[in-house]
Amino acid sequence: MIVKRIQVKDYRNAAERTIVLKDGCNAFVGANARGKTNLLEAVYFSGVGKSFRTPRDKELIKNDRERAFICVTVQKDSGEETVKIVIDRTVNKRVSVNDVPITRMSELMGVCPVVLFCPDGLKIVKEAPADRRRFMDIALCQVSKAYFNALSRYGKILASRNRLLKSGGASDSTLAPWDELLADEGAKIVKSRRGYIRSLLPTAEERHAYLSGGKEKLTLEYEGVDGDGVDGIKRELLKLYAADREGDLRLKYTHSGPHKDDIKLTIDGVDVRSFGSQGQQRTVALSLKLAELGLLTEVLGTSPVLLLDDVFSELDGARRNKLLAALDGFQTIITATDGAELDEYGVNVIDI
């Protein structure tokens, strides 16, 4: 898949702008606050239906305007597809694919698949488990509408169970139906995530060995309940909810389940989440993103666009060369403040 064109109007600081992209590596180059990341964000939004910088869509509308527009056109083997998004101050956002309005956000998944690495990318490694869960969820939602729907249902059921706990009216009998529903959806989520990490591991190991010059060995492990298949995982989740019942009632929230799971990341047996250097953590984060790019390509049958926000400034020349070599065959969009060095790499530089 290739992103051919990005069009925005009254989006962030842009009154109106159209950018035409090429195959291979494209770079948005300009001084800070010129809107480079905004354009990258617009592509990301067209892929997953939300921003990677704010949960509040209305913040994307240009000051003193009533609505913002995004239009991203992609080229696939099957032909062109266009995603259009209208973000309004007074109503919910409206999304269409090939001018056909979608009623469920799951219908957007996979139309314009994206993989993002930005300055916050290190959160995958060094921050809270929520960041590593988000890493899995964004990738899985793009390849599986069933996963997207299970994750959405799980979130709603979890919120209802927590409201019951906070109400003071929770008991074994009133919690039991919610436990059953939560375990139903939770088992699907755990099975998918565990399978994803298992599939991601070989490529992540390979990419990390490549980026580290063969000096380190990366391993990944999903941390959650055990169990064989969806039924086995569900049984284990129900046991977990029962074991936590007293604590849930006392503290009035759900302690355990897929919303608390994590990915264990180790280099040569050392937990890099807590004990890795910043250089190691950055290399692990890049390795995970490159592995995600390869796996999504294999599953979807088309290559996602890779979005790199201000990543090159953090890498020395040798690592830049390795990264660019690893991206051969993929369309990439990067942001940078200086395009002089990028010309040496044959990057299509677009002044912003």
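More than 12 heavy atoms of other residues, nucleotides or ligands sit less than 6.0 Å from atom CD of Glu127. Atom NZ of Lys156 has 12 or fewer heavy atoms from other residues, nucleotides or ligands within 6.0 Å. Crowding of Arg235 atom CZ: a count of heavy atoms from other residues, nucleotides or ligands under 6.0 Å not exceeding 12.
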Query raised in the report: Step by step, would you call Arg5 with Val72 a side-chain contact (heavy atoms from CB on, under 4.5 Å)?
Result: CA-CA 6 Å; Arg5 187 167 55 256; Val72 173; over 6 Å; no
Requested in this report: Dump the intermediate steps for side-chain hydrogen bond (donor to acceptor under 3.5 Å, both in side chains) on Asn63 and Arg12, then the final yes or no.
Outcome: CA-CA 8 Å; Asn63 290 339; Arg12 294 280 194 182; over 6 Å; no
**Report entry** Derivation and outcome, side-chain contact (heavy atoms from CB on, under 4.5 Å), residues Lys264 and Arg273
**Finding:** CA-CA 8 Å; Lys264 185 177 182 180; Arg273 297 172 297 185; 3.6 Å; yes
Query raised in the report: What do the steps show when you test Arg133 against Arg193 for side-chain contact (heavy atoms from CB on, under 4.5 Å), and what is the final call?
Result: CA-CA 9 Å; Arg133 292 193 297 272; Arg193 285 179 180 171; 3.8 Å; yes
Report task. Decide side-chain contact (heavy atoms from CB on, under 4.5 Å) for Ile138 and Tyr44; before the verdict, give the C-alpha distance in whole Å, the side-chain angles of both, and the deciding distance to 0.1 Å. Result -> CA-CA 11 Å; Ile138 289 172; Tyr44 183 87; 3.2 Å; yes
Report task. Applying salt bridge (charged side-chain N to carboxylate O under 4.0 Å, His left out), run through Asp10 and Lys62 and close with a yes or a no. Result -> CA-CA 5 Å; Asp10 297 333; Lys62 196 174 189 294; 5.9 Å; no
Requested in this report: For side-chain hydrogen bond (donor to acceptor under 3.5 Å, both in side chains), just list the numbers for Asp309 and Thr335, CA-CA rounded to whole Å, side-chain angles, deciding distance to a tenth of an Å, and then say yes or no.
Outcome: CA-CA 5 Å; Asp309 186 27; Thr335 64; 2.6 Å; yes
Report task. For the pair Asn162 and Thr254, evaluate side-chain hydrogen bond (donor to acceptor under 3.5 Å, both in side chains) and give the outcome as yes or no after the intermediate values. Result -> CA-CA 6 Å; Asn162 284 338; Thr254 306; 2.8 Å; yes
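Note: Thr174 OG1 to Leu164 CG = 4.5 Å, rounded to the nearest 0.5 Å. Atoms CG and CG, from Asp328 and Leu323 in turn, are 12.0 Å apart once rounded to the nearest 0.5 Å. With rounding to the nearest 0.5 Å, the separation of CG in Leu151 from OH in Tyr147 is 5.0 Å. Taken to the nearest 0.5 Å, the CG atom of Asn98 stands 9.0 Å off from the OG1 atom of Thr73. Interatomic distance, Arg282 CZ to Ile124 CD1, rounded to the nearest 0.5 Å: 11.5 Å. Separation of atoms NZ (Lys22) and CD1 (Ile2) is listed at 13.0 Å; rounding is to 0.5 Å.
Checking Glu16 against Tyr11 by side-chain atom types alone, no donor-acceptor pair falls below 3.5 Å. Judged purely by distance below 3.5 Å, without hydrogens or angles, the side chains of Gln281 and Ser277 never pair a donor atom with an acceptor atom. No hydrogens or angles considered: nothing links the side chains of Thr266 and Asp271 as a donor-acceptor pair under 3.5 Å.
Side chain of Arg34 to main chain of Ile352: a donor-acceptor pair is present (N/O by atom type, distance under 3.5 Å, no hydrogens or angles). A donor-acceptor pair under 3.5 Å is absent between the side-chain atoms of Glu185 and the main chain of Leu182, judged by distance alone. A donor-acceptor pair under 3.5 Å links the side-chain atoms of Lys289 to the main chain of Leu116, judged by distance alone. Distance alone, capped at 3.5 Å, is enough to place a donor-acceptor pair between the Glu107 side chain and the Arg104 backbone. Side-chain atoms of Lys260 do not come within 3.5 Å of backbone N or O of Gly224 as any donor-acceptor pair. Between the side chain of Ser192 and the backbone N or O of Ile189 there is no donor-acceptor pair closer than 3.5 Å. The main-chain N or O of Thr283 is found under 3.5 Å from a side-chain atom of Ser287 such that the two form a donor-acceptor pair. Between the side chain of Arg132 and the backbone N or O of Asp261, no donor-acceptor pair lies under 3.5 Å. The closest donor-acceptor contact from the side chain of Asp248 to the backbone of His255 lies under 3.5 Å. In this structure, the side chain of Arg17 does not engage the main chain of Ile6 through any donor-acceptor pair within 3.5 Å.
Under the 4.0 Å criterion applied to side-chain N and carboxylate O atoms, Asp131 and Lys126 are not assigned as salt-bridge partners. Here Asp310 does not pair with Lys36 in a salt bridge; the nearest charged N to carboxylate O distance is not below 4.0 Å. Salt-bridge formation is not detected for the pair Asp268/Lys217: no Lys NZ or Arg NE/NH1/NH2 atom is positioned less than 4.0 Å from an Asp or Glu carboxylate oxygen.
Between Asp184 and the choices Lys234, Arg153, Lys191, the salt bridge (charged side-chain N to carboxylate O under 4.0 Å, His left out) rule is met once, by Lys234.
Taking the ring axis of Phe45 as reference, the NZ or CZ atom of Lys50 does not stay both within 45° of it and closer than 6.0 Å to the ring centre. Judged by a 6.0 Å distance limit and a 45° cone about the ring axis, Arg161 is positioned over the six-membered ring of Tyr241.
Using a 4.5 Å heavy-atom cutoff, the side chains of Lys9 and Ile70 are not in contact. Tyr196 has its side chain within reach of Leu295: a pair of non-hydrogen atoms, C-beta onward, lies under 4.5 Å apart. Proximity of Leu220 to Leu265: side-chain heavy atoms (C-beta onward) are separated by under 4.5 Å at one or more points.
Aromatic rings of His208 and Tyr210 (six-membered ring for Trp) have centroids beyond the 6.0 Å cut-off, not under it.
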